There are 2 protein chains.
Amino acid sequence: MTTSPGQTDQQSFHAVRDDFVRSWGALGTAWGINRTMAMIHALLMVSPEPLCTDEVMEALQISRGNANTNLRELVSWGLIHPEVKPGERKDYFVAEKDAWRIFCIVTRERKRRETEPALRVLNDCAARSEAFGTKEAETFHRQMAELAEFVELTNSIMERVARSERSQIVPRLLPLLK
Amino acid sequence: MTTSPGQTDQQSFHAVRDDFVRSWGALGTAWGINRTMAMIHALLMVSPEPLCTDEVMEALQISRGNANTNLRELVSWGLIHPEVKPGERKDYFVAEKDAWRIFCIVTRERKRRETEPALRVLNDCAARSEAFGTKEAETFHRQMAELAEFVELTNSIMERVARSERSQIVPRLLPLLK
DNA sequence: CACATGTTTCAGTATTTACTGAAAGTACAT
DNA sequence: ATGTACTTTCAGTAAATACTGAAACATGTG
């Protein structure tokens with residue numbers, strides 16, 4: 001018995017899609033996002049239909065607790081959102097699929113989790129080292145202040161970019177590429 | 001017996017510096033950099049003198065193996081570099097202290113570890129889903145291609161920015177802030 | 001209310017990641 | 001070639017992080 005070409009195609013197409021989900025999970029790790037969260041995101045991005053918790057559990061072979069935690073985390077990021085199907089009680093989840101919007105969300109989240117805490121530390125250390133009068137303290141203070149200023153700048157740029165419409169920002173970035 | 005003002009100042013200044021090292025370590029975690037690596041980087045950034053492995057071990061209370069691994073990792077990133085003191089055999093380490101250069105190094109490393117692998121995944125999935133002919137595959141292919149194109153753009157921008165002189169790029173970024 | 005459906009929590013466990021410290025390795029000096 | 005100063009490796013262990021699954025909770029419905 002031979003497999004029909006159609007079936008083969010179907011099978012290998014799904015293999016590609018599964019590979020994407022798996023690879024995105026692995027990438028997640030490098031991005032400081034846990035594997036499961038990244039895989040669920042990938043799964044929903046490429047799913048033509050919204051999926052419920054049980055479908056996600058089934059597709060990724062994960063527990064209910066794990067699915068629930070990561071679905072909620074993705075909702076809190078804004079990368080997916082719950083939808084109710086008429087006549088059904090359970091939530092179905094849909095992913096944001098537009099590259100620019102995903103980029104904005106991730107940028108905003110990174111700003112919140114990475115650059116803002118760094119800025120607080122730097123400003124705090126700069127303030128606390130201001131008035132000692134020793135040369136050592138003065139050097140340290142300058143260093144903190146310089147770093148803070150710089151982080152502040154990147155912070156503002158991230159904020160501004162992530163707030164913009166793609167059509168407004170991308171054309172203004174392109175000249176940077178010379 | 002009372003503590004002299006000078007001694008108090010000295011003590012609390014060092015407390016600030018130690019806080020910076022600890023906090024930078026904690027931040028490192030959020031940035032996907034291990035705590036020790038971030039702490040060593042912070043320690044060397046605020047150290048007026050180059051430090052050798054034993055001094056780093058002593059200051060952070062860590063083992064030789066740990067110190068060695070993370071010092072080498074920092075050297076490989078380019079965030080610190082070894083120096084030899086005349087007449088001594090051991091390496092002393094100095095941190096890059098300029099905010100812009102640190103930013104460039106981190107950007108380049110993130111590109112290498114985060115966006116480039118993502119691009120490979122996306123291009124690979126796009127290529128492999130090109131020729132199936134089904135509507136499902138076509139949708140998936142478009143999605144991969146769109147994401148790849150976008151990641152490629154951010155990739156190029158990161159590359160370009162990280163290669164530039166601060167004086168060349170910052171003035172061109174400022175207008176983005178409106 | 002009793003029941004069904006769906007969601008959340010969390011103690012226990014598994015997996016991953018980081019660290020220790022002693023031993024092996026390297027390389028220069030005498 | 002032996003000793004000394006320093007660096008690297010790595011097996012074993014510790015710590016951090018993520019996951020499971022069953023029980024508690026919430027929210028309808030008849």
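Numbered from 1 within each chain, the chains take letters A, B, ... in sequence-line order. Only a predicted model underlies this, so the values are computations on that prediction, with no experimental measurement involved.
A salt bridge links B:R128 to B:D124: at least one charged side-chain nitrogen sits closer than 4.0 Å to a carboxylate oxygen. At a threshold of 4.0 Å, the pair B:E159-B:R163 counts as salt-bridged, since one of the basic side-chain nitrogens sits closer than that to a carboxylate oxygen.
One can place CG of A:L71 at 14 Å from C1' of D:dC19, the figure rounded to the nearest angstrom. For the pair A:R89 CZ and C:dT8 C1', the interatomic distance rounds to 16 Å; values are reported in whole Å. The separation between B:Y92 atom OH and D:dA5 atom P is 13 Å, rounded to whole Å. At whole-Å resolution of the value, CD in A:Q61 and P in D:dA18 are 21 Å apart. Atom CE in A:M39 sits roughly 15 Å away from atom P in D:dA18 (whole-Å rounding). Rounded to an integer number of Å, the gap from A:E88 CD to C:dA4 C1' is 15 Å. Distance, B:E73 CD to C:dC19 P: 12 Å, rounded to whole Å. For the pair B:M37 CE and C:dA18 C1', the interatomic distance rounds to 13 Å; values are reported in whole Å.
Two residues, B:R35 and A:N66, neighbour DNA chain C, and the one matched to the more 5' nucleotide by heavy-atom proximity is A:N66. In terms of position along DNA chain C, the nucleotide closest to A:D54 lies nearer the 5' end than the nucleotide closest to the other residue of the pair A:D54 and A:T29.
Among C:dC19, D:dC6, C:dG6, the nucleotide with an atom closest to any side-chain atom of B:T36 is C:dC19.
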*Could you walk me through whether B:T53 and B:D91 pass side-chain contact (heavy atoms from CB on, under 4.5 Å), step by step?*
CA-CA 8 Å; B:T53 302; B:D91 278 343; 5.9 Å; no

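Note on A:N68: a side-chain N or O is less than 4.0 Å away from OP1 or OP2 of C:dT8. Contact between the side-chain N/O atoms of A:N34 and the OP1/OP2 oxygens of D:dC19 is found at a separation under 4.0 Å. Using a 4.0 Å cut-off, no side-chain N or O of B:T69 falls inside it from OP1 or OP2 of D:dT8.
B:V170 and A:V161 fall within a single hydrophobic cluster, where Ile, Leu, Val, Met, Phe, Trp and Tyr side chains are chained together by heavy-atom contacts under 4.5 Å.
Judged by distance alone with a 3.5 Å cut-off, no donor-acceptor contact links the side chain of A:R64 to the base of C:dT8.
With 3.5 Å as the limit, one finds no donor-acceptor pair spanning the side chains of B:R72 and B:S76.
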